[in-house]
Visitor: 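My structure is below; once you've seen it, I'll send some questions.
Any value given below was found using the heavy atoms of this structure, including those in side chains, with hydrogens, waters and symmetry copies removed.
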Amino acid sequence: MALTHDLLLAGGDPFDVAVTAGVIAETGLSLPRDAHTVVDVSGHLVTPGLIDLHTHVGPGYWGIAPDPIAWHTGVTTWVDAGSAGAYTLDGLRRVAARAAVRVPALLNIAALGLAGRTGESRDLANCDVPLAIDTVQANRDLVRGLKVRIDRDTVGDHGVEPLRRGLAVGTACGVPVMVHIGTTPPPLDEVLELLRPGDIVTHSASGIASPLGPSVRAAVDRGVLLDLGHGSGGFAFDVLERQLDLGLGPHTISTDLHCRSLYGPVFDLPTTMAKVLAAGVPLADVLAMVTTRPAAALGLPGGTLEVGAPADLAVFEVRAERHELVDSHRQTRTSPVRLVNVATYVGGRRLPPAWPAAPPPWSPLTPAQQEALAARESALRDLLNTPLVGAEALEEQFPRDS
């Protein structure tokens, strides 16, 4: 009998998922076990591959390799949020071509991108509107929007002018703009009043920018989207909790994962999701914030378990295990559950294990972080230096003649 599908994830919640030629071919309860590979995921949650709306995987100061994190976290789409500008987009394209995960991009309005830590918009000559328009138009397969960082260190004395230029590009190309908020000036109200429906504010629960005033309500009411964008300094539990009380919670959850946040306080997207769970947001809403909502925000493939969608899938164990979590300012809260990834698939292919590279020398690590990284490396070395099984678990592959 001919087998119908390439892959079947069987017995999971909410239903079985069958995959053929890299797309979801069928879903339902108790599908026939007629696939080349049948994986029993009974007792586990099956979700679309997670979409992280704000990461940094391109070359430059902030970038990290996505695959060594993706395979054990369920994140199949890593939106690179401004690592590359017009001058450096080819470098990001090479990263995306080599990655097993999907890497759409938000083009930095500053043509040099994030080659350095900050300051990319202090010289307005870098914020070249015609060049950015031409770059977006020539790279529609990769670029899904614009990224503008608006804080005192990045823009210097130019206020919101880089944002105005980013919005001009967004309008000309019909794409959204993601704006990073942080230290003032310029005032947050001045930033928010410029944004259009569908534009995105990242670091939306920042303890530095403290976006809680009437301008935030006005922006949300006209369709501006709030994105968590945790990062090394962009998320505070107390701000998020106040926003939730006011009905201004995040539309999407992202990590702003980069070389300074990977080792803490962010760690990964499931951990960041647990922080929102700790603030009282239901799991179903948290899952929407990392699947359907970011997909819709940028017009991305995936984010759904519907038939015909790309077979980007994540399998999680949802443990009823209370555990402490920390924000960017060392405030802690307790999540009621822990999300533990069991398997991650991109286009129906399971991502293999991969070991992350060492942190770059400019990544600021505490002595405790350095010791933990060394201990993790030593534990892996010990594990791999121990034979996989003993004699009792082997078979004689080439028997001797008797």
Visitor: Are there more than 12 heavy atoms of other residues, nucleotides or ligands under 6.0 Å from atom CZ of Arg349?
Guide: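 Not buried by this count: 12 neighbours or fewer within 6.0 Å.
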Visitor: Using modelled atom types and a 3.5 Å cut-off, is there a donor and acceptor pairing between side-chain atoms of Ser121 and backbone atoms of Val155?
Guide: no
Visitor: Short question: side chain of Asp268, backbone of Thr271 - any donor-acceptor pair under 3.5 Å?
Guide: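 Yes, because the side chain of Asp268 sits within donor-acceptor range (under 3.5 Å) of the backbone of Thr271.
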Visitor: For Ile150, is there any backbone N or O sitting under 3.5 Å from a side-chain donor or acceptor partner on Thr154?
Guide: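 The answer is no, because no donor-acceptor pair under 3.5 Å joins these two groups.
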Visitor: Under 4.5 Å between any side-chain heavy atoms of Leu163 and Val191, yes or no?
Guide: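 Yes, their side chains come closer than 4.5 Å.
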Visitor: Using side-chain contact (heavy atoms from CB on, under 4.5 Å), reason through Arg322 and Arg338 one step at a time and then give a plain yes or no.
Guide: CA-CA 7 Å; Arg322 293 174 63 83; Arg338 187 186 295 273; over 6 Å; no
Visitor: More than 12 non-hydrogen atoms from neighbouring residues, nucleotides or ligands closer than 6.0 Å to CG on Asp221, yes or no?
Guide: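 Correct, the count exceeds 12.
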Visitor: Just wondering, do Phe15 and Leu31 contact through their side chains at under 4.5 Å, heavy atoms?
Guide: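 Counting from C-beta outward, Leu31 and Phe15 never come under 4.5 Å.
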Visitor: What pair of heavy atoms forms the shortest contact from Val148 to Gly166, and how long is it?
Guide: CG2-CA, 4.1 Å
Visitor: Would Val318 and Asp13 satisfy side-chain contact (heavy atoms from CB on, under 4.5 Å), going step by step from the backbone distance to the final call?
Guide: CA-CA 11 Å; Val318 183; Asp13 178 17; over 6 Å; no
Visitor: With sequence neighbours excluded, give me every salt bridge (Lys or Arg N to Asp or Glu O under 4.0 Å) pair touching residues 184-210.
Guide: Arg196-Asp199
Visitor: Should the pair Trp362 and Tyr61 be assigned to parallel (<30°), tilted (30 to 60°) or perpendicular (>60°) ring geometry?
Guide: parallel
Visitor: Please tabulate, one pair per line, all N/O donor-acceptor pairs under 3.5 Å involving side-chain atoms of residues 85-92, not counting sequence neighbours.
Guide:
unit_1	atom_1	unit_2	atom_2	d
Thr88	OG1	Gly85	N	3.0

Visitor: Regarding Asn139 and Arg93, is there a side-chain donor-to-acceptor distance under 3.5 Å anywhere?
Guide: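 Side-chain D/A pair, Asn139 to Arg93: present.
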Visitor: Against the six-membered ring of Trp355, is Arg376 placed for a cation-pi contact (under 6.0 Å from the centre, within 45° of the normal)?
Guide: yes
Visitor: Any side-chain to backbone donor/acceptor pair from His323 onto Glu321? Under 3.5 Å, distance only.
Guide: yes
Visitor: So does Arg260 get a backbone contact from the side chain of His258, meaning a donor-acceptor N/O pair under 3.5 Å?
Guide: yes
Visitor: Can you sort out the partners of His251 under side chain to side chain contact (heavy atoms under 4.5 Å, CB included), two or more places apart, ordered by chain and number?
Guide: Leu225, Arg293
Visitor: Take atom CZ in Arg140; do more than 12 heavy atoms of anything else shown fall under 6.0 Å from it?
Guide: yes
Visitor: Kindly state whether the ring of His203 and the ring of His230 have centres lying under 6.0 angstrom apart.
Guide: no
Visitor: Looking at every non-hydrogen atom in both residues, tell me the closest pair between Leu305 and Pro48 and how far apart they are.
Guide: CD2-N, 3.6 Å
Visitor: Looking at Asp16 and Ser30, what are the two nearest heavy atoms and their distance?
Guide: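 In this case the closest contact between Asp16 and Ser30 is OD2-N, 3.2 Å.
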Visitor: For a 4.5 angstrom cut-off between non-hydrogen side-chain atoms, does Leu106 reach Asp80?
Guide: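 Answer no - side chains too far apart.
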Visitor: Donor-acceptor check, side chain of Lys147 to backbone of Val177, threshold 3.5 angstrom: yes or no?
Guide: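 Not at all, since once roles are kept as given, no pair shorter than 3.5 Å links the two residues.
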Visitor: Answer yes when Arg102 and Asp312 have at least one side-chain N-carboxylate O distance shorter than 4.0 Å, and no when they do not.
Guide: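 A salt bridge is present here (some side-chain N lies under 4.0 Å from a carboxylate O).
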Visitor: How about CG on Leu394, more than 12 heavy atoms from neighbouring residues, nucleotides or ligands closer than 6.0 Å, or not?
Guide: yes
Visitor: Among Val19, Val17, Val39, find the residue that satisfies the side chain to side chain contact (heavy atoms under 4.5 Å, CB included) test when tested with Tyr345.
Guide: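 Single side chain to side chain contact (heavy atoms under 4.5 Å, CB included) partner of Tyr345 among Val19, Val17, Val39: Val39.
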Visitor: Can you tell if the side chain of Arg144 reaches within under 4.5 Å of the side chain of Val175, non-hydrogen atoms only?
Guide: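 Heavy-atom side-chain distance check fails, nothing below 4.5 Å.
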Visitor: Report the residues that fulfil side chain to side chain contact (heavy atoms under 4.5 Å, CB included) with Glu317, sequence neighbours left out, ordered by chain and then residue number.
Guide: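 Per chain and number, Glu317 pairs via side chain to side chain contact (heavy atoms under 4.5 Å, CB included) with His44, Arg319, Val340, Val342.
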Visitor: Side chains of Pro104 and Thr77: closer than 4.5 Å at any heavy-atom pair?
Guide: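 They are in side-chain contact.
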Visitor: Which pair of heavy atoms, one from His180 and one from Thr202, lies closest together, and at what distance?
Guide: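 Heavy atoms only, the tightest pair is CA-CG2, 3.7 Å.
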Visitor: Give the minimum heavy-atom separation between Arg165 and Leu124, together with the two atoms involved.
Guide: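 So the minimum-distance heavy-atom pair works out to NH1-O, 3.0 Å.
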Visitor: Determine whether Thr344 and Leu313 make a side-chain contact, defined as any pair of heavy atoms from C-beta on separated by less than 4.5 Å.
Guide: no
Visitor: Verify side-chain contact (heavy atoms from CB on, under 4.5 Å) between Arg222 and Leu195, making sure each step is shown before the conclusion.
Guide: CA-CA 9 Å; Arg222 69 174 182 272; Leu195 300 182; 4.2 Å; yes
Visitor: Find the distance between CD1 (Ile51) and CD1 (Ile253) and round it off to the nearest 0.5 Å.
Guide: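 So the CD1 of Ile51 and the CD1 of Ile253 are separated by 13.0 Å.
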Visitor: Output all residues satisfying side chain to side chain contact (heavy atoms under 4.5 Å, CB included) with Ala132, sequence neighbours left out; order by chain, then residue number.
Guide: Leu107, Ile109, Val169
Visitor: Closest heavy-atom contact between Ala100 and Val346?
Guide: O-CG1, 3.5 Å
Visitor: Only distances under 3.5 Å count here; give the side-chain donor-acceptor pairs of residues 238-250 to other protein atoms, sequence neighbours excluded, each with its distance to 0.1 Å.
Guide:
unit_1	atom_1	unit_2	atom_2	d
Asp238	OD1	Gln331	NE2	2.9
Glu241	OE1	Arg333	NH2	3.0
Glu241	OE2	Arg333	NE	2.6
Gln243	NE2	Ser204	O	2.6
Gln243	NE2	Pro211	O	3.0

